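The structure under discussion appears below in the form of structure tokens.
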2 protein chains.
Amino acid sequence: MATIYQVSELAGVSLATVSRVMNGGTRVSEKTREKVNKAMETLNYRPSSIARSLASNCSNSVGILVSELHGPIYGAMMSGIEKQLRTAGKHVIIAAGHSDAASEKDGIEFLIARNCDALILHVEAVSDEYLIELATTQHKFILINRYIPQIADNCISLNNRRGGYLATKALLENGHRDIAYISGPLWKMDASDRYLGHQEALAEHGIICNDALLSEGNFQEEGGNECMLALLETKIPFSAVVCANDEMAAGAMQAARDKGMAVPNDISVMGFDNVLLAQYMYPKLSTVNYPVQDMGKMAASWILKNIYQANQPDVSHVFEPELVWRDSVISLKR
Amino acid sequence: MATIYQVSELAGVSLATVSRVMNGGTRVSEKTREKVNKAMETLNYRPSSIARSLASNCSNSVGILVSELHGPIYGAMMSGIEKQLRTAGKHVIIAAGHSDAASEKDGIEFLIARNCDALILHVEAVSDEYLIELATTQHKFILINRYIPQIADNCISLNNRRGGYLATKALLENGHRDIAYISGPLWKMDASDRYLGHQEALAEHGIICNDALLSEGNFQEEGGNECMLALLETKIPFSAVVCANDEMAAGAMQAARDKGMAVPNDISVMGFDNVLLAQYMYPKLSTVNYPVQDMGKMAASWILKNIYQANQPDVSHVFEPELVWRDSVISLKR
DNA sequence: AACATTAATGTAAGCGCTTTCATTTGGTTT
DNA sequence: AAACCAAATGAAAGCGCTTACATTAATGTT
């Protein structure tokens, strides 16, 4: 592996000059620039990003922490981030946090120890305090899908409450009155916000929210399945169920069918997230769009702008969800 | 940010000693070890992984190139890799190759320029020659889901042919005789291997493979949809269709239903990959399991063993697929 | 007690770059 | 032709570590 020194030697110039032509900026005569470029070429020179980082105190890497590397939401998010960062020549170091406070902290430590210039965090378990503290100390980071007022500038979030509201409102407007709700773990902000939105829509239509029609799942398929079964068990009638994410909706649909009910004729189901899976399902799932890929891009833009001083458009910090109407919901209005 | 120098000063020892206690290995008296540890603690010292890399000529990072960061297969794969590597303190740098030769090469270059100690590559478009060349020059890498005889040791692959064979065989054994095939892009090795397996099973049962019953898709949902429509268009009767992956199976199912056919009663459909989605679908998809997460882990093990001299079990290079029987296939035997 | 061994620690030279500051070069100006 | 100035280039000091080698301290041997 050729070093900058060998290049300088071959080109008959000093290290500094080689460094200059690499980094574009400073003025170098066209003649020497060519000499150097040729030397690099013949030596097949590749600058060591590590040496460069050490000398310049900038690693050109950003760390990403997501709950799981698999899972449609995270995939889309990472995809958005990578695309954006890669074209800027930055690289992406990833770690998983597993929705567990210890593991998340661990991941953050890991990324920091790796000298990332900035972090993009999708954390759920770690406390607000911890993050506020983290922000006041050294480290630069941006939070996705979480809103903490004290560090609002570091947050890119979805208006989850409005999403929950939209989902339930759509049902109400189509004549449903008895609506069950399958939630995610309510200690997770997004889950509780979505539920709040649901209640809001209900209230707006003068319906008293029946706690017996709420079932708390785990954001996963079996969770949805179990919750649906539990809901059916109550014998309280309901014509529709809104699920706090698409995976649980899939589980719920399955449970309903196992009990001999047809979707959407016997029961309507509404999802949340609009993952790819939602259109694959049968019937195609009505859901609420969570533009997570765009949010990932936005997070990357924020970093490019705030950490690397790149010229980027202003970033928007709160994204709005949108209803996606498909086949899993039936209208009760004749 | 404290440096090793400050630690050494506080502890009243030399740089070298601090370095020694950090790296465990060499003998240091218990007393000084404690002094140093305490000093690190009070200074909240975090070694710079960059300086360390430069000095030791080892970046402790491995690059991963996948076609897309989203997509269930890649998610599972990365998940397996990260888990394994993270516990070993290595970090994971990711990039996307987009199934395009130029973009894949670009990604590889990118990762190499980042001083990764090794690469894990899931590439499809780049040529065998390029990879063989890459192996003979400097760089250490392992290939997932691809088998190249000349560099077999660098390959971890699925026996795709056997997978295709199993899928079709299952159908045949259940009385199906007229079986259509929706393939992935046949220039992709895995796609053509799977199809070969299909033909093999057919031949074994004395059935002549009808080319008109082959339709080449793009491994994506709409591809499956379109192919199914095309197949139906031919008016050639068939009782089952095997799809080269689960996404296309979803699309095919949808197309069939759009044409008024019931799955599996009017037509059986078989998938491939056994992604999470397969069990969410309705009816639950019969498919062939592709243990990609295990393969990711295995790739990581290989790297730990061969690049970092860690003590790891032997790696297996060829994985075997398994049939997963679910509800989307019906038996024609009385 | 004198010496040989071995363990513990220190010294200092890099690793491959960036960057500040000094020096050289070549073109203008008078 | 002397003086000047900006542009181009070079010299050298780090960046924060690792590590080969040298030195010192501790222990054992006779």
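These numbers were taken from a predicted model, which means no experiment stands behind them. Here is the naming used below: chain letters follow the sequence lines, and residue numbers restart at 1 for every chain.
- Counting heavy atoms from C-beta outward, A:S67 and A:V123 have side chains that stay 4.5 Å or more apart.
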So if I define the base as every atom that isn't primed, P, OP1 or OP2, how would nucleotides 10-15 of chain D read as a B/S/- string at a heavy-atom cutoff under 4.0 Å? BB--BB

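- At C:dT18, none of the side-chain N or O atoms of A:N57 fall inside 4.0 Å of OP1 or OP2 (strictly under the cut-off).
- Going from atom CD of B:E9 over to atom P of C:dG10 covers 13 Å, rounded to whole Å.
- Taking the ring axis of B:Y308 as reference, the NZ or CZ atom of B:K90 stays within 45° of it and closer than 6.0 Å to the ring centre.
- Summarising the geometry, the separation between CZ on B:R33 and P on C:dA8 is reported as 10 Å, rounded to the nearest angstrom.
- Counting non-hydrogen atoms of other residues, nucleotides and ligands closer than 6.0 Å to CG of B:N57 gives a total of 12 or fewer.
- The separation between A:R52 atom CZ and C:dT19 atom C1' is 14 Å, rounded to whole Å.
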Which atoms of nucleotides 26-28 of chain C (N or O only) lie under 3.5 Å from a protein N or O atom, and what are those distances?
none

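- The pair A:E124-A:R146 does not count as a salt bridge, with every side-chain nitrogen at least 4.0 angstrom from each carboxylate oxygen.
- Within a heavy-atom distance below 4.0 Å of DNA chain D, no residue of residues 85-92 of chain A is found.
- Counting to the nearest Å, the P atom of C:dC17 and the CD1 atom of B:I50 are 14 Å from each other.
- Residue pairs meeting the salt bridge (charged side-chain N to carboxylate O under 4.0 Å, His left out) criterion with at least one partner in residues 294-307 of chain B, sequence neighbours excluded, are B:K305-B:D314.
- Separating the CG atom of A:N23 from the P atom of C:dG16 is a distance of 17 Å, rounded to the nearest angstrom.
- A salt bridge is defined here as a Lys NZ or Arg NE, NH1 or NH2 lying under 4.0 Å from an Asp or Glu carboxylate O, and A:D100 with A:K105 fails to meet this definition.
- A side-chain donor-acceptor contact under 3.5 Å links A:S59 to the backbone of A:N115.
- Using a 4.5 Å cut-off on side-chain heavy atoms (C-beta onward), A:L131 and A:L143 make contact.
- Exactly one of B:V126, B:V66, B:I108 qualifies for a side-chain contact (heavy atoms from CB on, under 4.5 Å) with B:L121. That residue is B:I108.
- Without hydrogens or angle criteria, B:D117 side chain to B:C58 main chain gives no donor-acceptor distance under 3.5 Å.
- Residue pairs meeting the ring-ring contact (aromatic ring centres under 6.0 Å, His included) criterion with at least one partner in residues 74-103 of chain B, sequence neighbours excluded, are B:Y74-B:H122.
- Considering only heavy atoms from C-beta on, A:H70 stays 4.5 Å or farther from B:P72 through its side chain.
- Side-chain contact between B:V21 and B:V7: absent, with no pair of heavy atoms (C-beta onward) separated by less than 4.5 Å.
- Comparing the start and finish of the helix from C:dA1-D:dT30 to C:dT30-D:dA1, five pairs each, the helix axis swings through 40°, to the nearest 10 degrees.
- Regarding A:M22, its CE atom lies at a distance of 9 Å from the C1' atom of C:dT18, rounded to whole Å.
- Counting any heavy atom pair closer than 4.0 Å across all strands shown, A:S53 reaches no nucleic acid atom.
- Put simply, CD on A:E34 is 16 Å from C1' on D:dA8, counting in whole angstrom units.
- Phosphate proximity of C:dT9 to B:S29: present, with a side-chain N or O under 4.0 Å from OP1 or OP2.
- Side-chain atoms of B:Q312 and B:Q84, non-hydrogen and from C-beta on, do get closer than 4.5 Å to each other.
- Spacing between atom NZ of B:K35 and atom P of C:dA8 amounts to 14 Å, rounded to whole angstrom units.
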